[in-house]
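To start, the structure itself, in structure tokens.
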Amino acid sequence: MAVAVRGGRFGSGGGFGMRSFFTYRIFVSALLTLLFLATFSVLLTSHPPRKHTAIDPPGSGRVRRTFSALQSDPLKTRLELIHETANNHVALVNAYAAYARKLKLEISKQLKMFDDLAQSFSDIQLKENYRAALFETENPIDEEVLRQFEKEVKDKVKIARLMVVETKEAYDNQLKIQKLRDTIFAVYELLMKAKKNGAFASSIAAKSTPKSLHCLAMRLLEERIAHPEKYANDEPQPEFEDPNLYHYAIFSDNVIAISVVVNSVVKNAEEPWKHVFHVVTERMNFAATKVWFNMRPIQRGAHIEIKAVDSFKFLDSSYVPVLRQLESPSVKKFYFETRADNATKEMKGMKFRNPKYLSLLNHLRFYLPELYPKLHKILFLDDDVVVQKDLTDLWKIDMDGKVNAAVNTCFGSFHRLAEYLNFSHPLIKEKFNSRSCAWAFGMNMFDLDAWRREKCTEEYHYWQNKNQGRSLWKLGTLPAGLVTFYSKTKALDKAWHALGLGINPSISMEEIKKAAVIHFNGDMKPWLDIGMNHYKQFWTKYVDNEMEFVQMCNFGM
């Protein structure tokens, strides 16, 4: 009956139950055998040797402990624990000393304390009585000596803990500060790299001729070729040499920029028929400029004279220093060498590598008395300006015997001669005051009679020749103008000329609207895609959008 019940429980006959019983006994026996072997192995095998710590005396063997030794010699166990505690605190002290060295903190006193403390842990163990009684003996450990050793170690441990508590917060903060500095430095490096790349890209964009402007010049040239009879050379007009009229000089190879300057002057002039524009351009743009003003004649009775720069035969390399300098191999290499490794090397000086700074068209402003020998005064305008008010009052300003009238650009310590000239050069240091104000080229009233009297062109030649190796300034016309007209410039009210619309996005609208002339100096010209959109409206309002070629060339106005 019982057997039946057991068999029913397992779902099988009695034979299966017996097999399960023997299998269970075999399993238990195997488990006990493995447990016995493991215990026996632990009892017979000592622990592997450990590495020497910072306070192990040289040449001494470490205490090797077995399971039986721990049971039979408690003093050795106690010595081992003291030894381990000392080692841990030596490592801690050395870690804080390493942090101090890494951070270069001004804590030389604390750093010495940490080093001395780490050394003192080793010195305790190296004492002769401790070495003989505790570390280098085969005899039982002397408990009294061990107690004294433990006391000294505990005293040092206490000092170490106090020092760590006192310095931990300061060290942690210094570590965070150092990590923050490292992060800031890395981000700054990335920022400078991005700025260099951006400046290089902006420089390329500024030097390039946009597709729309190239299209316009080509359309105008096609018109000149298709209808040569319409564009015969005009006869000189007597107004071109009349000193009683208001004369402007505009030197540019940008057709649409010239037209904006002329339109803005004429539309804001009270007596436009008294205004005469003298435009000089490169030979390749001469025909296009002539066609533009033939197709879109100047309005309201104003007069315009258009010439090519090479029509002034006296301007050759024997007379003009910049033309002579352009023949120099070193100058050609500086301006025209295209090496990739130099592309972004100098972000600040990159703009001075533009060949336009040695072009004759750019330096033509220093020959105004010779270009227009019968005139007494002339207003020089850059092609990136827009005139917003009548300018006739400029001709009525008393120049006080000065040659040049311009708006000063200095404020605080900025835009003074020291920024433009090399005052480490003895000649510059001797002749000029580094704190003197710079002034703006772009809208300048020149008294040509005073110019001739002061021999300013000869002065310009002197300084330009001295700057053959770019030792006085980094080229460009502004530094040349600053030395040529030094002490010969009259300061105009700042309302006459507002600058920076091609470089500064933060000029107030009030200042812009108040100015008689606004100047898009900088790389971001209004006819380029990189021009600042919130300023473009002041330029585009004077673009002749009814001109068919402007529409065809898609200026995006």
> With ring centroids as reference points, do H461 and F366 lie under 6.0 angstrom apart?
Replying inline: no
> For the rings on W473 and W463, is their centre-to-centre separation under 6.0 Å?
Replying inline: no
> Hey, would you say the F414 and F411 ring centroids sit under 6.0 Å apart?
Replying inline: yes
>> Given 3.5 Å as the limit, does a donor-acceptor pair link the side chain of Y462 with the main chain of T457, or not?
In response: no
>> Could you check whether R224 pairs with E222 (Lys NZ or Arg NE/NH1/NH2 to Asp/Glu carboxylate O, under 4.0 Å)?
In response: no
>> Using the rule given for ring pair (Phe, Tyr, Trp, His ring centres under 6.0 Å), can you reason through W451 versus F380, listing the C-alpha separation, both sets of side-chain angles and the distance that settles it, and then say yes or no?
In response: CA-CA 14 Å; W451 185 314; F380 171 78; over 10 Å; no
>> I'd like to know if the side chain of D400 reaches the main chain of K402, judged simply by a donor and an acceptor atom lying under 3.5 Å from each other, with no hydrogens or angles considered.
In response: no
>> Looking at every heavy atom in both A288 and L220, which two are closest together, and how far apart are they?
In response: O-CD1, 3.5 Å
>> Would you say that more than 12 heavy atoms from the other residues, nucleotides or ligands in this model lie under 6.0 Å from the CD of E270, or not?
In response: no
> Checking H425 side chain against L427 main chain: does a donor-acceptor pair fall under 3.5 Å?
Replying inline: yes
Below 3.5 Å, can you tabulate the donor-acceptor pairs from side chains in residues 238-252 to any protein atom, sequence neighbours excluded?
{"from": "E241", "atom 1": "OE1", "to": "K374", "atom 2": "NZ", "distance (Å)": "3.3"}
{"from": "D242", "atom 1": "OD1", "to": "N244", "atom 2": "N", "distance (Å)": "3.0"}
{"from": "D242", "atom 1": "OD1", "to": "N244", "atom 2": "ND2", "distance (Å)": "3.4"}
{"from": "H247", "atom 1": "ND1", "to": "H278", "atom 2": "NE2", "distance (Å)": "2.8"}
{"from": "H247", "atom 1": "NE2", "to": "D242", "atom 2": "O", "distance (Å)": "2.5"}
{"from": "Y248", "atom 1": "OH", "to": "H275", "atom 2": "ND1", "distance (Å)": "2.8"}
{"from": "S252", "atom 1": "OG", "to": "N254", "atom 2": "N", "distance (Å)": "3.0"}
{"from": "S252", "atom 1": "OG", "to": "D383", "atom 2": "OD2", "distance (Å)": "2.6"}

> Is the closest basic N to carboxylate O distance between R296 and E546 below 4.0 Å?
Replying inline: yes
> Salt bridge check: are E511 and K514 linked by an N-O gap of less than 4.0 Å?
Replying inline: no
> If you measure only the distance, is there a donor-acceptor pair under 3.5 Å linking the side chains of D384 and H519?
Replying inline: yes
>> For the CD atom on E458, are there more than 12 heavy atoms of other groups (residues, nucleotides or ligands in this structure) within a distance under 6.0 Å?
In response: yes
> Taking atom NZ of K389 as the centre, does the number of heavy atoms from other residues, nucleotides or ligands within less than 6.0 Å exceed 12?
Replying inline: yes
> Any chance the rings of F485 and F446 have centres within less than 6.0 Å?
Replying inline: yes
> Just by modelled atom types, is the A406 backbone N or O under 3.5 Å from a matching donor or acceptor in the N444 side chain?
Replying inline: no
>> Can you tell me if E229 has over 12 outside heavy atoms packed within less than 6.0 Å of its CD?
In response: yes
> Is the number of heavy atoms from other residues, nucleotides or ligands under 6.0 Å of K466 NZ greater than 12?
Replying inline: no
>> Other residues, nucleotides and ligands only: do more than 12 of their heavy atoms fall within 6.0 Å of CE on M218?
In response: yes
